[in-house]
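Step one of this worksheet: look at the structure below.
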Amino acid sequence: MAFDLDAAIRKIPDFPKPGILFYDITSILANPEAFSYCINSMVETYKDTDINAIAAIESRGFIFAAPLAERLSLPLILVRKKGKLPGETLSKTFDLEYGQDTIEIHKADVGPGQTFLIVDDLVATGGTLRAAIDLLTEAGASVKEIFAPIGLPFLNYSEKLGDVPVRTLIEYDSE
Ligand SMILES: O=P(O)(O)OC[C@H]1O[C@H](OP(=O)(O)OP(=O)(O)O)[C@H](O)[C@@H]1O
Ligand SMILES: Nc1ncnc2[nH]cnc12
């Protein structure tokens, strides 16, 4: 029988703002079987593909991307919130489900010849991932696919990400 990932995800109503149902991945991390299920599913999916680099979205995306990069022996590039990377950066500001943010990458670590998988924990509006795709593309790399364990397709992320396939382990239909 397939692993019951839904049962491993804590749902918190009205966090961080009224009307938002928060899908909390800390309950996956606190459950070794659930976390292994996520990482092993990713390894099986991407082990024989032509991706040659992984981009991880701060901060919860780092947790899922790092074990995958290590298991597949691929370079791991951090997409960080503004002001955290010490070297020369490219940056992008974008809208979130609940606010606005700016992300950055190190210019020196990304370039032509790289075919990226972008990893995050959850896709909501797709704003973060759209900004990450644009950054990596501006740097000369290409983005082959997006992976996040959780997807919220009712927030219409495919409108923003239609040109890049999104793979998830579980999707929720409404809040
Ligand atoms: O699809 P979107 O509407 O862009 O939203 C999804 C993003 O929002 C959350 O990150 P958040 O900015 O809350 O940061 P965190 O991982 O550091 O908590 C989540 O981890 C995704 O990165
Ligand atoms: N509803 C949600 N739950 C958890 N993380 C999120 N990031 C953006 N929207 C979210």
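Atoms within each ligand, like the ligands themselves, are counted from 1 in listed order.
- Applying the 4.0 Å criterion to heavy atoms of Ala124 picks out, from ligand 2, the atoms 8 (C), 9 (N).
- With ligand atoms numbered from 1 in the order given, ligand 1 contributes 6 (C), 21 (C) to contacts under 4.0 Å with heavy atoms of Leu122.
- Atom CD1 of Ile51 is separated from atom NZ of Lys144 by 9.0 Å, given to the nearest 0.5 angstrom.
- Contacts of Lys11 classified as side chain to side chain contact (heavy atoms under 4.5 Å, CB included), with partners at least two apart in sequence or in another chain: Asp6, Ile9, Leu21, Tyr23, Tyr172.
- With a 4.0 Å cut-off on non-hydrogen atoms, Lys11 does not touch ligand 2 at all.
- Proximity of Thr128 to ligand 1, defined as any heavy-atom pair under 4.0 Å, is shared by backbone and side chain alike.
- An N or O contact shorter than 3.5 Å links Tyr23 to ligand 2 by distance.
- The N/O atoms of Asp95, backbone and side chain alike, include none that comes under 3.5 Å of an N/O atom in ligand 1.
- In terms of the side chain to side chain donor-acceptor pair (under 3.5 Å) criterion, Glu70 has no residue partners (sequence neighbours excluded).
- Per-residue contacts place Asp121 under 4.0 angstrom from the following atoms of ligand 1 (heavy atoms of the residue considered): 19 (C), 20 (O), 21 (C).
- Per-residue contacts place Leu152 under 4.0 angstrom from the following atoms of ligand 2 (heavy atoms of the residue considered): 1 (N).
- Within ligand 2, counting atoms from 1 as listed, the ones closer than 4.0 Å to a heavy atom of Leu122 are 3 (N), 4 (C), 5 (N), 6 (C), 7 (N), 8 (C), 9 (N), 10 (C).
- Of the listed residues (Ala132, Ala124, Gly126), the one carrying the non-hydrogen atom nearest atom 5 (O) of ligand 1 is Ala124.
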